[in-house]
Number of protein chains: 2
Amino acid sequence: MSAVSAPEPAYRLDEQVGFVLRQVQQRHTGIFAAAFGDDMTPTQWSALVRLAEAGECSQNHLGRLIATDVATIKGIADRLIRRGLVETRADPADRRRLLLRLTEAGHDAYRTRAATALDVSSETLAPLSKTEQATLLRLLDRLR
Amino acid sequence: MSAVSAPEPAYRLDEQVGFVLRQVQQRHTGIFAAAFGDDMTPTQWSALVRLAEAGECSQNHLGRLIATDVATIKGIADRLIRRGLVETRADPADRRRLLLRLTEAGHDAYRTRAATALDVSSETLAPLSKTEQATLLRLLDRLR
DNA sequence: TGCAGATTGTTAGTACACTAACGATCCGGG
DNA sequence: CCCGGATCGTTAGTGTACTAACAATCTGCA
């Protein structure tokens, strides 16, 4: 036996990206829920924001804007509609399409809670310095 | 009006941790599924690994080891049992407890697929240099 | 000893996320 | 003009993740 350490790398769960990533996300959704309460989830919020930016767009297109597939965006849209934040109309130019847009209540929710959403991001990143926060976001962005 | 820029910070969805985090995780689970196939999820894999390390433990304790609550770990354990990777027995010292341990097939799965799991982590982090990968993991670890 | 409070596992309900399949509609090329 | 392929939205099925409630059991303290 040589004194050189074994070549097979140990599998340490706590050092695997996926495992750590999942826990960071758990912490983030916890912070989000504490700030927003039961009536809004991170995904619903991102749909709301994108709809505020885009003005009006089809259901599937909104899904692409927030990186959810067609089955998932349907559920999200349904819940936002049920809560009166989004309304729909048929696309006059394409009978397959369902156009979505914010209601007045939806616009209000966007305006009044954007500051809270910024706080959630701040609190999530709070354990890091400003420089570290910027580094993390830059690196994560490249893994998207 | 002064010439100083407006104090209200813009809310840019693409720069919020939670939004980026979700997409990185999506990419990771996609890579994992491509490598492992339909019969194993990242969460199931982490339960398997922890059980290989811990030897035998109660269901709730395993949940704490992989950061899932009691309701979630039950579903994960049930599926691992159904697939013959885990078996159970009653704890003779505490009649509330259900002890879990790997079957022979479970040990095999752990041994034969650890290298694949390492590949998944590598591929997830591939867009970054080794130094950047280490930086990212160090920063993420502090946000857990 | 005996009871209060904690822990263990289960179930029901909600939300996100993906695959696969489906009918309706649209569009472009022959 | 028509037909094949693409896109749109819907549904069913599976898995992860959380809350809340519950019965059974255990533990510590009066």
Side-chain angles (χ1 to χ4, degrees), chain A residues 18-19 21-34 36-48 57-83 86 88-100, chain B residues 18-19 21-34 36-48 57-83 86 88-100:
Chain A
F19 188 67
L21 225 36
R22 194 180 116 248
Q23 289 171 75
V24 175
Q25 190 138 23
Q26 277 176 1
R27 177 164 162 274
H28 172 262
T29 50
I31 293 169
F32 189 99
F36 274 80
D38 286 350
D39 59 332
M40 183 77 69
T41 66
T43 314
Q44 285 170 26
W45 172 251
S46 62
L48 204 72
C57 65
S58 78
Q59 185 176 283
N60 280 5
H61 184 58
L62 179 59
R64 286 189 291 270
L65 291 176
I66 61 168
T68 75
D69 66 299
V70 294
T72 302
I73 189 61
K74 166 151 181 63
I76 295 162
D78 284 352
R79 287 182 282 274
L80 289 173
I81 291 163
R82 176 154 49 86
R83 285 162 202 183
V86 167
T88 64
R89 66 184 182 100
D91 186 336
D94 187 339
R95 288 197 289 164
R96 295 168 305 175
R97 285 208 175 100
L98 189 65
L99 295 176
L100 307 184
Chain B
F19 188 68
L21 225 37
R22 196 180 113 247
Q23 289 171 73
V24 175
Q25 190 137 20
Q26 277 175 2
R27 176 162 161 276
H28 172 262
T29 49
I31 292 169
F32 189 100
F36 274 80
D38 286 351
D39 59 332
M40 183 77 69
T41 65
T43 314
Q44 286 170 23
W45 172 250
S46 61
L48 204 73
C57 65
S58 78
Q59 185 176 282
N60 280 5
H61 184 57
L62 180 59
R64 286 190 290 270
L65 291 176
I66 61 168
T68 74
D69 65 300
V70 294
T72 303
I73 190 60
K74 167 153 181 61
I76 294 161
D78 284 351
R79 287 181 283 273
L80 289 173
I81 292 164
R82 176 155 46 85
R83 286 164 202 182
V86 167
T88 64
R89 67 184 182 100
D91 186 336
D94 187 339
R95 287 196 289 164
R96 296 169 305 176
R97 285 207 175 99
L98 191 65
L99 295 177
L100 307 184

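Bear in mind the structure is a predicted one, so any value in this text is a computation, not a measurement.
- Sequence neighbours left out, the pairs with a member in residues 59-76 of chain B that pass salt bridge (Lys or Arg N to Asp or Glu O under 4.0 Å) are Lys74(B)-Asp78(B).
- Heavy atoms of Arg27(A) sit nowhere under 4.0 angstrom from any nucleic acid atom.
- As rounded to whole Å, 14 Å separates atom C1' of dG15(D) from atom CG of Asp39(B).
- Using a 4.0 Å heavy-atom distance criterion, Thr29(A) is classed as making no nucleic acid contact.
- Atom CG of Asn60(A) and atom P of dT10(D) are 9 Å apart (whole Å).
- Aromatic ring orientation, Phe36(B) versus Phe32(B): parallel (interplanar angle below 30°, classes split at 30° and 60°).
- Map Gln25(A) and Leu98(B) each onto its nearest nucleotide of DNA chain C; the residue landing nearer the 5' end is Leu98(B).
- Residue Ser58(B) has its side chain nearest to dG9(C) when only dC16(C), dT16(D), dG9(C) are considered.
- Arg83(B) and Gln44(B) share a donor-acceptor pair across their side chains, judged by distance under 3.5 Å alone.
- When each of dG9(D), dA15(C), dT8(C) is scored by its nearest atom to the side-chain atoms of Arg97(B), the top-ranked nucleotide is dT8(C).
- Taking for each of His61(B) and Arg83(A) the nucleotide of DNA chain C with the nearest heavy atom, the 5'-most of the two is the partner of His61(B).
- In this structure, CZ of Arg82(B) is placed 12 Å from C1' of dG13(D), rounded to the nearest angstrom.
- Residue Lys74(B) has its side chain nearest to dT10(C) when only dC16(C), dT10(D), dT10(C) are considered.
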Pick out the pairs of N or O atoms, protein on one side and nucleotides 19-25 of chain C on the other, that lie under 3.5 Å.
from	atom 1	to	atom 2	distance (Å)
dT25(C)	O2	Arg96(A)	NH1	3.2

